[in-house]
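Below: the structure, in structure tokens.
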2 protein chains.
Amino acid sequence: MADKQKGGFSEACETCGSRHKSIFCHLAMDELALFNESKSCMSFKKGQIIFNEGGHPLGIYCVNEGKVKISHSGQDGKDQIVHLAKEGDVLGYRALLSSEKYNATAIALDDTKVCYVPRDTFFQVLKTSHGLSLEIIKLLATELRRAVNTITDLAQKPVRERTAEALLFLKETYGFEEDGATINVVLSREDIANLVGTATETAIRLLSEFKNDKIVEFIGKKIKILDMNKLIKTANVLY
Amino acid sequence: MADKQKGGFSEACETCGSRHKSIFCHLAMDELALFNESKSCMSFKKGQIIFNEGGHPLGIYCVNEGKVKISHSGQDGKDQIVHLAKEGDVLGYRALLSSEKYNATAIALDDTKVCYVPRDTFFQVLKTSHGLSLEIIKLLATELRRAVNTITDLAQKPVRERTAEALLFLKETYGFEEDGATINVVLSREDIANLVGTATETAIRLLSEFKNDKIVEFIGKKIKILDMNKLIKTANVLY
DNA sequence: GCTAAAACATGATTTTTGTCATGTTTTAGC
DNA sequence: GCTAAAACATGACAAAAATCATGTTTTAGC
């Protein structure tokens with residue numbers, strides 16, 4: 001199990017660096033203090049489950065460090081990756097806010113540290129903080145727009161374009177290494193396939209093609225973009 | 001152009017029947033009065049555009065009567081239908097809330113009556129009404145879950161299953177006629193294809209197959225479900 | 001360092017789906 | 001009611017993508 005602790009790596013919510021990147025950026029000091037009193041800090045090793053589809057949400061998770069994939073399971077058990085989270089991202093809020101079970105599973109892609117804010121504290125602050133409501137509304141609205149764009153892509157674009165687009169998305173989400181070209185995340189080919197929405201073999205083949213076309217190069221388990229223009233062209237997006 | 005008027009078919013927001021089905025169900029009387037003062041009533045004929053992708057939202061639309069398709073345009077101009085609205089639904093709120101341009105176009109499927117609440121009034125009420133914030137959050141959260149499920153379907157299910165599912169969705173959204181079997185909406189084959197996410201010819205072919213399999217029957221421009229069990233099985237969903 | 005499992009790779013084949021072509025039916029406007 | 005346009009339909013074919021099979025490489029655990 002994950003290491004659940006009150007002390008450990010944790011610092012106070014009031015001084016937390018991740019906060020400024022999150023929906024809690026505008027909270028007042030006394031509201032942050034409420035969070036701080038009741039929050040737990042948790043560490044998850046690579047591959048560990050943070051929460052599970054079908055489970056009941058009892059709080060929200062704030063990613064402090066690390067990377068998390070959020071995937072939704074189809075009928076035959078095949079996963080579709082519907083979100084990739086990083087430091088500053090909040091997880092599990094959608095289910096909590098609509099009083100539903102988790103509609104997806106969150107798994108750490110890296111060693112990950114999260115702060116867990118229990119349900120009651122979250123709602124208590126939500127009740128008084130209109131700013132938080134608005135931040136949540138904005139976040140949901142943005143996610144919804146992204147989802148609609150993904151729907152259109154899945155319905156209309158061929159797998160090759162979507163695969164190229166996925167690489168651009170990974171770059172947007174996790175950025176580059178110091179070399180300014182290697183995408184800073186490790187995903188298996190299966191994960192990439194589940195992000196693109198295709199068979200694993202197809203994803204492998206297309207990535208090999210991209211390599212042959214000198215669009216990308218594989219550096220260990222990471223992908224380095226050699227020709228951004230070609231990649232954008234292959235993805236068929238305005239950039 | 002649409003007939004924009006202050007009087008006409010409109011009744012007061014305070015007594016509007018559609019309100020109870022909408023996110024405005026918990027508004028106080030004085031808040032409703034604010035809406036009522038500033039709202040416009042508009043009528044759109046079948047096929048008319050209510051708002052256009054890329055345009056700037058200046059208010060929200062409350063559907064009073066009629067049916068509306070909301071579609072997002074792909075690169076090659078092919079539309080993807082991302083939502084179907086009916087009485088009580090609110091349109092255009094996502095773009096307004098995230099201060100973005102419209103990400104989709106709304107077109108009347110029927111002769112449709114809407115109430116238009118200008119931006120400022122909406123935000124004024126939103127500022128004071130915590131209940132409205134929560135309703136909007138719930139609505140967005142529900143839409144987001146639906147979108148995630150659609151994404152998984154598009155990525156994983158074959159067109160035949162998705163087409164059957166689309167018919168079930170149309171039934172859920174618009175219900176049956178008095179006969180208890182005919183889906184109460186008229187959509188062209190192209191619209192159905194754009195809802196399913198497939199080519200028009202493929203949608204036509206699959207619907208013909210469903211007819212041959214005695215799953216559905218075509219009554220004029222409407223679709224009658226003859227064998228619900230078979231349809232559910234074809235859609236491959238738990239129901 | 002050895003071994004089993006997982007991940008990656010690639011070929012062959014089949015299935016699914018889209019595209020193109022063509023013809024018929026229905027609808028809307030004069 | 002006539003006519004043009006749109007919608008519907010269907011066949012033939014091509015392209016895309018999934019599946020199945022098999023082999024190699026890498027990784028993780030003892």
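As the structure is a computational prediction, the values presented were derived from the model and not from experiment. Below, all heavy atoms of this structure are taken into account, side chains as well, without hydrogens, waters or symmetry copies. Numbered from 1 within each chain, the chains take letters A, B, ... in sequence-line order.
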Whole angstroms only, please: what is the CZ-P distance between R162(B) and dG18(C)? 8 Å

Looking only at the side chain of E201(B) (C-beta and beyond, no hydrogens), which of the listed nucleotides dA17(D), dT19(D), dT10(D) gets closest? dT10(D)

Protein-nucleotide distance (E190(A), atom CD; dA18(D), atom P), rounded to Å: 14 Å

Give one of base, sugar-phosphate or nothing for T198(A), where a contact means two heavy atoms less than 4.0 Å apart. sugar-phosphate

For DNA chain D, the expected dot-bracket line (Watson-Crick or G-U under 3.5 Å, [ ] crossing, | inter-strand) is ||||||||||||||||||||||||||||||

If I take atom CD in residue E161(B) and atom P in nucleotide dT15(C), what distance separates them, rounded to the nearest angstrom? 17 Å

Relative to Y174(B), does K67(B) satisfy both conditions: NZ or CZ under 6.0 angstrom from the six-membered ring centre, and within 45 degrees of the ring's axis? yes

Please give, in whole Å, the distance from dA9(C) P to L206(A) CG? 12 Å

Looking at K224(A) and E177(A), is any side-chain nitrogen of the basic one under 4.0 Å from a carboxylate oxygen of the acidic one? no

Spacing of OG belonging to S43(A) relative to CG belonging to D111(A), to within rounding of 0.5 Å: 8.5 Å

Spacing of K222(A) atom NZ relative to dT26(D) atom C1', expressed in whole Å: 17 Å

Mark yes or no for a side-chain to base donor-acceptor pair under 3.5 Å between R205(B) and dG18(C), with no hydrogen or angle criteria applied. no

Once you apply a heavy-atom cut-off of 4.0 Å, does K221(A) come out as touching a base, just sugar-phosphate, or nothing? sugar-phosphate

Under a 4.0 Å threshold between the charged nitrogen and the carboxylate oxygen, would K69(B) count as salt-bridged to D191(B)? yes

Can you check the D191(A) CG to dA6(C) C1' distance for me, whole Å? 13 Å

Using whole Å, what does the distance between atom C1' of nucleotide dA7(D) and atom CD1 of I204(B) come to? 8 Å

For F218(B), is the NZ or CZ atom of R189(B) found under 6.0 angstrom from the centre of its six-membered ring and inside 45 degrees of the ring axis? yes

From the candidates dT10(D), dG18(C), dA17(D), the one with an atom nearest any side-chain atom of S208(B) is dT10(D)

Separation of dA17(D) P from L154(B) CG (nearest whole Å): 14 Å

Think R189(B) has a side-chain N or O under 4.0 angstrom from the OP1 or OP2 of dA9(D)? yes

So does S188(A) get a side-chain nitrogen or oxygen closer than 4.0 Å to the phosphate oxygens (OP1/OP2) of dA6(C)? no

If the cut-off is 4.0 Å, is T200(B) near the phosphate of dC8(D), judged by side-chain N/O to OP1 or OP2? no

If you measure from the Lys or Arg side-chain nitrogens to the Asp or Glu carboxylate oxygens, is any gap between R160(A) and D213(A) under 4.0 Å? yes

Between F176(B) and K171(B), is there a cation-pi geometry (under 6.0 Å to ring centre, at most 45° from the normal)? yes

